[in-house]
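Each remark here refers to the structure printed beneath this line.
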Amino acid sequence: MPVPTFTAETLEPAARPTFYFIGVTTGSSSIQRVFPAWAAELGLDAVLKGIDLPLHAPADQYRRVVEFIRDDPKSMGALVTTHKIDLFQAAGDLFQQVDYFAKLMGETSCISKQGGDLVCHAKDPISSGLALDAFIPPGYWRDHPGATVVSMGAGGSTIAISWHLTQPARGTDRPARFITTNRSQPRLDHLRQVHAKMDANVPFDYLLNPTPDLNDAVVAAQPPGSLVINATGLGKDAPGSPLTAAARFPQGGLVWELNYRGDLVFLDQARAQQATLNLTVEDGWVYFLHGWTQVMGEVFHIQIPTAGPGFERLSQIARDTR
Ligand SMILES: NC(=O)c1ccc[n+]([C@@H]2O[C@H](COP(=O)([O-])OP(=O)(O)OC[C@H]3O[C@@H](n4cnc5c(N)ncnc54)[C@H](OP(=O)(O)O)[C@@H]3O)[C@@H](O)[C@H]2O)c1
């Protein structure tokens, strides 16, 4: 049962310390049940409220929401999904502090208050990196020379993942290529622009693949050990998979579905080949946990563990609410 949410027009001053979730249909998200349980565990006196905005909302709605959070004393901050790029473009000038990743990627997933400043961060490079590191061991790419990444879907997650896996600080522990496919051209162009600013020195490919059979061909051509990612949202945000039933994953490869709920056809396709091809198959659960806890750490000025028993406990609490 969805819980009540705000719109840009219905926001009202918070009676209790409030953490907002800015999305499209926030009332039906599982975080509505998870957050109260986490708040109790972490000793936070705060409630979560959703703010629903239409896709590509008018700029004045984004500005109204950001100004409201800035001006309302009990509004602590927000996690932003879906609107990360649009909100930053419409309201980026309202922040006194903008972190390195938000500037580089032109988006924000995290609004917080630090002292008297309104602050925004792009947390996806950190949270997707923590999720990747949880199933790809250190040295993996060095040990699999030639292995590549194919990320299907050229949105915010692929930007973040591509940064994490190709940053120069990784030295030789980087994939041989990073290939992104997308059904339309504009996001591929945006990704290319972000990569140009990153100076990663890993070859990037940007492939316009309007139909899944084209993705099949790209995936089939990758060397053993390569990583294949469904970053399109297909399976959750819309039915289906970016691959056809005939697709064949790379021998000994890694497969990552970014979502963890929905009819995840891509995940089923990978699991069907898991044993014969010796695949490591991962869903988006750990990504979900890091995405929220990274933002909560910033908004509530607390350190939340990223591994070990403390992190496992938060994971278990979240699982128990499902
Ligand atoms: N587990 C987690 O906590 C977590 C965290 C982050 C993201 N995610 C999930 O990961 C997915 C991607 O997130 P994102 O932030 O990168 O999304 P995004 O910025 O909206 O990008 C999605 C990309 O996929 C493409 N796409 C969308 N629908 C498609 C379809 N029907 N067929 C083929 N391509 C399609 C889009 O193409 P166009 O450019 O043509 O529109 C777009 O480039 C979402 O489902 C999101 O929920 C999960």
Side-chain angles (χ1 to χ4, degrees), residues 21-26 28-31 34-35 53-56 79-89 101 105-110 122-132 134-135 150-164 179-194 206-216 218-219 229-244 247 256-267 282-296 314-315 318-319 322:
F21 171 23
I22 301 172
V24 181
T25 52
T26 57
S28 50
S29 168
S30 52
I31 196 65
V34 173
F35 181 79
L53 302 174
L55 281 175
H56 303 302
L79 179 142
V80 185
T81 59
T82 311
H83 306 286
K84 289 178 261 195
I85 296 171
D86 290 333
L87 185 144
F88 187 76
Q89 282 175 352
F101 290 127
M105 293 167 190
E107 63 169 56
T108 179
S109 56
C110 173
K123 287 289 180 189
D124 266 7
I126 309 294
S127 51
S128 67
L130 288 164
L132 282 159
F135 72 96
V150 178
S151 195
M152 296 173 287
S157 297
T158 291
I159 295 176
I161 291 163
S162 64
W163 178 84
H164 179 77
I179 303 160
T180 304
T181 73
N182 205 50
R183 64 175 174 180
S184 70
Q185 192 61 41
R187 292 290 190 94
L188 291 170
D189 295 340
H190 177 68
L191 183 65
R192 190 192 292 270
Q193 286 162 13
V194 174
Y206 311 90
L207 305 180
L208 178 61
N209 280 3
T211 54
D213 56 307
L214 297 171
N215 287 331
D216 289 1
V218 174
V219 168
I229 304 170
N230 176 19
T232 63
L234 279 172
K236 173 178 156 261
D237 304 329
S241 163
L243 298 175
T244 77
W256 192 19
E257 160 60 62
L258 296 193
N259 285 304
Y260 62 90
R261 64 189 166 87
D263 182 9
L264 301 176
V265 177
F266 174 83
L267 203 57
E282 185 73 15
D283 72 7
W285 176 247
V286 174
Y287 192 10
F288 166 82
L289 298 175
H290 285 303
W292 278 95
T293 54
Q294 284 295 305
V295 173
M296 287 169 59
L314 293 176
S315 176
R319 266 186 209 286
R322 287 169 83 178

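Everything quoted here is computed from the prediction, not taken from an experiment. Just so you know, residue 1 is the first one in the sequence shown, and it goes up from there. We count ligands from 1, going down the list as the structure has it; atoms in each ligand are counted the same way. Hydrogens, waters and symmetry mates are skipped; everything else that's a heavy atom, side chains included, is used.
At least one N or O atom of Lys236 sits closer than 3.5 Å to an N or O atom of ligand 1. Ligand 1 has no N or O atom lying under 3.5 Å from any N or O atom of Ala238, backbone or side chain. Inclusion of Leu234 in the set of residues having an N or O under 3.5 Å from an N or O of ligand 1 is not warranted. Considering both main-chain and side-chain atoms, Tyr260 never comes within under 3.5 Å of ligand 1 through any nitrogen or oxygen pair. The distance criterion of under 3.5 Å between nitrogen or oxygen atoms is not met by Asp124 with respect to ligand 1. Residue-to-ligand polar distances place Asp237 within reach of ligand 1: an N/O pair is separated by less than 3.5 Å. Distances between N or O atoms of Leu258 and those of ligand 1 include at least one value under 3.5 Å.
At least one side-chain heavy atom of Phe21 sits under 4.5 Å from a side-chain heavy atom of Thr81. Leu207 is not listed as a side-chain neighbour of Thr180, based on a closest heavy-atom distance of 4.5 Å or more. Contact check for Leu87 versus Thr108: side-chain heavy atoms found under the 4.5 Å cut-off. Residues Leu55 and Val24 are in side-chain contact: their nearest non-hydrogen atoms beyond the backbone lie under 4.5 Å apart. The shortest side-chain heavy-atom distance between Leu289 and Leu314 does not fall under the 4.5 Å cut-off. A 4.5 Å side-chain heavy-atom check between Phe288 and Ser30 finds at least one atom pair inside the cut-off. Between Phe266 and Leu234 the shortest side-chain heavy-atom distance does not fall below 4.5 Å. In this structure, Ile161 and Leu132 have side chains that are in contact, with non-hydrogen atoms separated by less than 4.5 Å.
Put simply, no part of Pro242 is less than 4.0 Å from ligand 1, judged by heavy atoms. The shortest heavy-atom distance from Gly291 to ligand 1 is not under 4.0 Å.
Atoms of ligand 1 lying under 4.0 Å from any heavy atom of Ser184, numbered from 1 in the order shown and given with element: 38 (P), 39 (O), 40 (O). Residue Gly284 approaches ligand 1 through these ligand atoms, each under 4.0 Å from one of its heavy atoms: 1 (N), 2 (C). In summary, the atoms of ligand 1 found under 4.0 Å from a heavy atom of Ala154, numbered by their order in the structure, are 23 (C), 43 (O). Numbered from 1 in the order shown, with element, the atoms of ligand 1 that lie under 4.0 Å from a heavy atom of Gly155 read 16 (O), 18 (P), 19 (O), 21 (O), 23 (C), 43 (O). Every atom of ligand 1 with a heavy atom of Asn182 under 4.0 Å away is listed here by number and element: 25 (C), 36 (C), 37 (O), 38 (P), 39 (O), 40 (O), 42 (C), 43 (O).
Here the shortest heavy-atom distance to atom 11 (C) of ligand 1, taken over Pro212, Gly156, Gly233, belongs to Gly233. Across Ala231, Ser151, Gly153, Ser157, heavy-atom proximity to atom 14 (P) of ligand 1 is greatest for Ser157.
Looking only at atom types and distance, the side chain of Asp213 has no donor-acceptor partner in the side chain of Thr244 under 3.5 Å away. Side-chain atoms of Asp189 and Gln193 include no donor-acceptor pair closer than 3.5 Å.
Remark: minimum distance from atom 5 (C) of ligand 1 to any protein heavy atom is reached at Tyr287 CE2, 3.3 Å. Protein heavy atom nearest atom 46 (C) of ligand 1, with residue, atom name and distance: Asn259 OD1, 3.8 Å. Of the protein's non-hydrogen atoms, Phe288 CA, 3.0 Å is the one closest to atom 3 (O) of ligand 1. Residue, atom and distance of the protein heavy atom nearest to atom 33 (C) of ligand 1 are Arg183 CD, 3.6 Å. Counting only heavy atoms of the protein, atom 18 (P) of ligand 1 lies nearest to Arg187 NH1, 3.7 Å.
Atom 1 (N) of ligand 1 is flagged as protein-proximal [any protein heavy atom, distance under 4.0 Å].
Partner of Trp285 under the ring pair (Phe, Tyr, Trp, His ring centres under 6.0 Å) criterion, out of Trp256, Phe135, Tyr260: Tyr260 alone.
Lys84 has a carboxylate O that lies under 4.0 Å from a charged side-chain N of Asp124, or vice versa, which qualifies the two as a salt bridge.
At a heavy-atom cutoff of 4.0 Å, ligand 1 is contacted by both the backbone and the side chain of Thr232.
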(request) Carefully, step by step, assess Trp163 and Phe101 under the rule ring-ring contact (aromatic ring centres under 6.0 Å, His included). (result) CA-CA 10 Å; Trp163 178 84; Phe101 290 127; 4.6 Å; yes
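Residues passing the side chain to side chain donor-acceptor pair (under 3.5 Å) test with Glu107: none are found, sequence neighbours excluded.
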